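Below you'll find the structure, written out as structure tokens, and then a few comments.
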Amino acid sequence: MAVYEQDGVCFHKMIVNYELISAFLYVFAKERNLDVIDFGGALGSTYFRYRHLWEELAAKWTIVEQKHFIDWGREHIKEINFEYSLDQCSESANCVLLSSVLSYLEDPYVILDKILKRKFPHIIIDEQAFHPEDRNKVMLQNVPPSIYQAIYPVTLFSLSEFKKFIEQRGYTIWEWDYQFGNVPIRINTDTYLETIEKGFYLSLKEGA
């Protein structure tokens, strides 16, 4: 029996993302509660992966996703809130999670700007891929057939520009290296580069 699922893949052994958990625990320590908007959270992959922890913290969890996810989730998963847009989410939310989602959006900087302008006190960005040459580039990602067969357009960001964009909107950044795998980029037939994979905890500056 699988212990959790991510991107349609079942994992039979728990792999704990300690940096991500530490960021959430810091938010709880600061706020004395945890009210999360999981933007692009599918049907609750992160929620169910660490469900025992969220139950101990009495966390509230809301997922913003595409319509078919929301429709199915509302009918079948009652312990999570599902909303069609950020504007429909509760004003009480104190933390936004963006886990491996920004690169797959059509206008990622537009969405990120909208989230930052809401002035949430805490934002966590995890499993975020950056171009190793520190530039913005749209590429095609070929999903391995062992997962499922698909090709997606994906944006690889410039790390320096990405951080500057966030800092200009009033947030302090703490970052970590994501430990669970880099995506190979094919330059030509025989040459590959690996993406830089990062996680970030963003804290809204006082007075911002």
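The basis for the numbers below is simple: all heavy atoms, side chains too, and nothing from hydrogens, waters or symmetry mates. In this text, all values refer to a predicted model and were calculated from it rather than measured experimentally.
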Examine distances only and state if a side-chain atom of [X] and a backbone atom of [Y] form a donor-acceptor pair shorter than 3.5 Å.
X	Y	result
S203	H122	no
E31	V27	no
T195	E197	no

Can you tell me how far apart CG (L202) and CG (L116) are? Round to the nearest 0.5 Å. 7.0 Å
Return a table of donor-acceptor pairs under 3.5 angstrom between the side chains of residues 55-65 and protein atoms on other chains or two or more places apart.
from	atom 1	to	atom 2	distance (Å)
W61	NE1	D38	OD2	3.2
E65	OE2	A42	N	3.0

Can you spot which of Y201, Y50, W54 makes a ring pair (Phe, Tyr, Trp, His ring centres under 6.0 Å) with F24?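 Answer after filtering Y201, Y50, W54: W54.
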Less than 3.5 Å apart, any donor N or O on the side chain of Q128 or S100 sitting next to an acceptor on the other? no
Distance-only polar pair, side chains of D126 and S99, donor-acceptor under 3.5 Å: no
Is the Lys NZ or Arg CZ of R169 less than 6.0 Å from the centre of Y171's six-membered ring, within 45° of the axis? no
Within-4.5 Å side-chain heavy-atom neighbours: [X] and [Y]:
X	Y	value
L86	F120	yes
L43	I77	yes
N17	Y178	yes
D113	V110	no

Quick test of your reading: applying salt bridge (Lys or Arg N to Asp or Glu O under 4.0 Å), list the pairs with at least one residue in residues 76-85, sequence neighbours left out, ordered by first then second residue.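 Those involving residues 76-85 are R51-E79, R74-E83.
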Contacts of F28 that satisfy ring pair (Phe, Tyr, Trp, His ring centres under 6.0 Å) - sequence neighbours left out: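 For F28 there are no ring pair (Phe, Tyr, Trp, His ring centres under 6.0 Å) partners, ignoring immediate neighbours.
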Which residues pass the ring pair (Phe, Tyr, Trp, His ring centres under 6.0 Å) test with F200, not counting sequence neighbours?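 Here the qualifying residues are F130, F162.
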Not counting sequence neighbours, which residues clear side-chain hydrogen bond (donor to acceptor under 3.5 Å, both in side chains) with N136? List them please.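 Result, side-chain hydrogen bond (donor to acceptor under 3.5 Å, both in side chains) vs N136: E161.
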Residues forming a salt bridge (Lys or Arg N to Asp or Glu O under 4.0 Å) with D107, sequence neighbours excluded: none
Give a yes or no on whether K164 atom NZ has more than 12 heavy-atom contacts from other residues, nucleotides or ligands under 6.0 Å away. no
Test of understanding: clusters of I, L, V, M, F, W, Y form through side-chain heavy atoms closer than 4.5 Å, transitively. Do Y18 and V36 belong to the same one?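 Per the 4.5 Å side-chain linkage, Y18 and V36 are co-clustered.
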